[in-house]
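Note that these values count all heavy atoms, side chains included, but never hydrogens, waters or copies made by symmetry. Start at 1 with the first residue, then count along the sequence.
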Amino acid sequence: MALNLSDEYVVEFTEQPFGMTWTSLKSDRDNLYVKSVEHGSHAFYGKVSVGSKLLKLADQTVEGLGAKEIFWHFTNTYRHTLPLKITFQKPATDDDQEHDDEKLTTNTTSTIQFPVDCSEKTMQYSTPQRLQEIFITVLEYMASNKNTPEQWVQFLSSNDYQTLSIFAKTTKRLFELETEEISEPKPEQQSDEEEEEDENTSSAL
C-alpha cells in the first residue's frame with residue numbers, strides 16, 4: 001500500500017529516555033511499531049501514537065529493514081544523537097489493516113540505551129581491563145537512569161534474552177581469565193649468589 005505523506009509525522013527528541021517502547025508484529029517482522037508511551041514523557045508530549053510504525057531515524061530510512069536491524073541501527077548509530085528526529089507512520093485504521101486480533105505484545109524493545117558498546121563482538125574481543133570498564137559504566141548507568149522496572153524487563157528479555165546472554169557469557173569469560181591469572185605459577189626469585197653466578201657465566205661467554 002502506497003504511503004500517504006499525510007500519514008507521516010516527525011517528532012524531535014531532545015532528551016532521554018524518550019518514554020516509549022517498540023515492538024514487531026507477528027504479521028510484520030520487518031518493522032518496529034510503538035507499543036507503549038509513558039505518560040508525561042517526551043514521547044507523550046510529542047504526541048507519539050501507540051501503533052505508529054518507525055519510518056526514519058534522523059535522515060536514514062529504516063522501514064522494512066527488519067526489527068532487529070532497526071534496533072541495531074538505533075542502538076549503535078543514534079543512541080548518543082540529540083536532538084534526534086524520528087519519522088513515524090500513523091497507525092493504520094481498521095479499514096486499512098486488521099489489528100483487532102493482534103496486539104502489540106511481541107518482541108518488545110524498549111528505548112534503553114547503554115552509554116557504551118555492549119555488542120557481542122565487542123564483549124568477545126575486548127581486553128579484560130576494557131571489559132571491567134564497560135561493566136562499571138553499565139552498572140553506573142543502570143543505577144542512575146530513569147527507566148521503569150517494566151522497561152528493564154522488556155529490554156533484557158527482548159530478542160530471546162540476547163543482551164542478558166551476552167553479559168552472562170562475558171562474566172564467565174572474565175571469571176575464567178582471572179582464575180587463570182591467579183593459578184599461573186610466579187617465577188622463582190633467584191638468590192644473590194645465583195644472580196652473581198649468572199653474571200659471571202654471562203661474562204665468561
Side-chain angles (χ1 to χ4, degrees), residues 13 15-38 41-43 50 53-54 57 60 62 64-82 84 86 102-186:
F13 294 90
E15 60 183 31
Q16 298 176 1
F18 297 157
M20 59 180 169
T21 58
W22 302 335
T23 182
S24 63
L25 302 178
K26 291 180 180 179
S27 61
D28 186 4
R29 303 293 192 185
D30 295 329
N31 291 287
L32 285 178
Y33 296 80
V34 178
K35 177 184 183 292
S36 65
V37 175
E38 184 179 348
S41 66
H42 200 322
V50 171
K53 179 167 68 173
L54 273 68
L57 296 172
Q60 180 182 4
V62 296
L65 292 181
K68 292 183 180 181
E69 185 74 10
I70 296 170
F71 184 63
W72 185 92
H73 280 291
F74 175 77
T75 303
N76 293 279
T77 305
Y78 300 103
R79 62 182 175 182
H80 297 307
T81 302
L82 286 176
L84 175 63
I86 300 181
E102 183 172 19
K103 296 181 180 180
L104 299 173
T105 57
T106 309
N107 292 340
T108 300
T109 305
S110 75
T111 55
I112 291 175
Q113 309 163 62
F114 286 136
V116 289
D117 184 4
C118 297
S119 64
E120 187 169 6
K121 185 176 181 180
T122 297
M123 303 297 262
Q124 183 176 358
Y125 295 107
S126 295
T127 63
Q129 181 178 358
R130 177 55 184 157
L131 289 176
Q132 291 175 351
E133 293 173 354
I134 291 174
F135 266 69
I136 292 174
T137 302
V138 168
L139 289 174
E140 290 176 344
Y141 171 79
M142 294 175 71
S144 61
N145 86 93
K146 299 179 181 179
N147 292 96
T148 64
E150 181 184 10
Q151 288 175 323
W152 274 108
V153 171
Q154 293 172 342
F155 173 73
L156 293 174
S157 61
S158 65
N159 298 330
D160 295 327
Y161 298 90
Q162 183 180 24
T163 301
L164 202 58
S165 176
I166 291 174
F167 277 104
K169 291 178 182 178
T170 305
T171 302
K172 180 182 178 182
R173 180 185 166 215
L174 271 174
F175 176 77
E176 290 173 347
L177 289 172
E178 291 182 359
T179 302
E180 289 177 3
E181 184 177 347
I182 294 173
S183 61
E184 284 182 358
K186 295 182 180 180

Could you tell me the separation between the [atom1] atom of [X] and the [atom2] atom of [Y], rounded to the nearest 0.5 Å?
X     : Y     : atom1 : atom2 : result
Leu65 : His73 : CG    : NE2   : 5.5 Å
His80 : Thr75 : NE2   : OG1   : 10.5 Å
Asp30 : Glu69 : CG    : CD    : 11.0 Å
Lys35 : Trp22 : NZ    : CH2   : 14.5 Å
Thr81 : Gln16 : OG1   : CD    : 9.0 Å
Gln60 : Ile70 : CD    : CD1   : 9.5 Å

What's the shortest heavy-atom distance between [X] and [Y], and which atoms?
X     : Y     : result
Leu54 : Val62 : O-CG2, 4.3 Å
Phe71 : Leu32 : N-CD1, 4.1 Å
Ser24 : Ala67 : CB-CB, 3.8 Å

Problem - Side chains of Thr170 and Leu131 in contact at under 4.5 Å (non-hydrogen atoms) - result: yes
Exercise for the section: State, yes or no, whether a side-chain contact exists between Asp28 and Tyr33 at a heavy-atom distance under 4.5 Å. Expected result: yes
Practice task
Please work out which of the three classes, parallel, tilted or perpendicular, describes the rings of His42 and Phe13, given edges at 30° and 60°.
Solution key: tilted
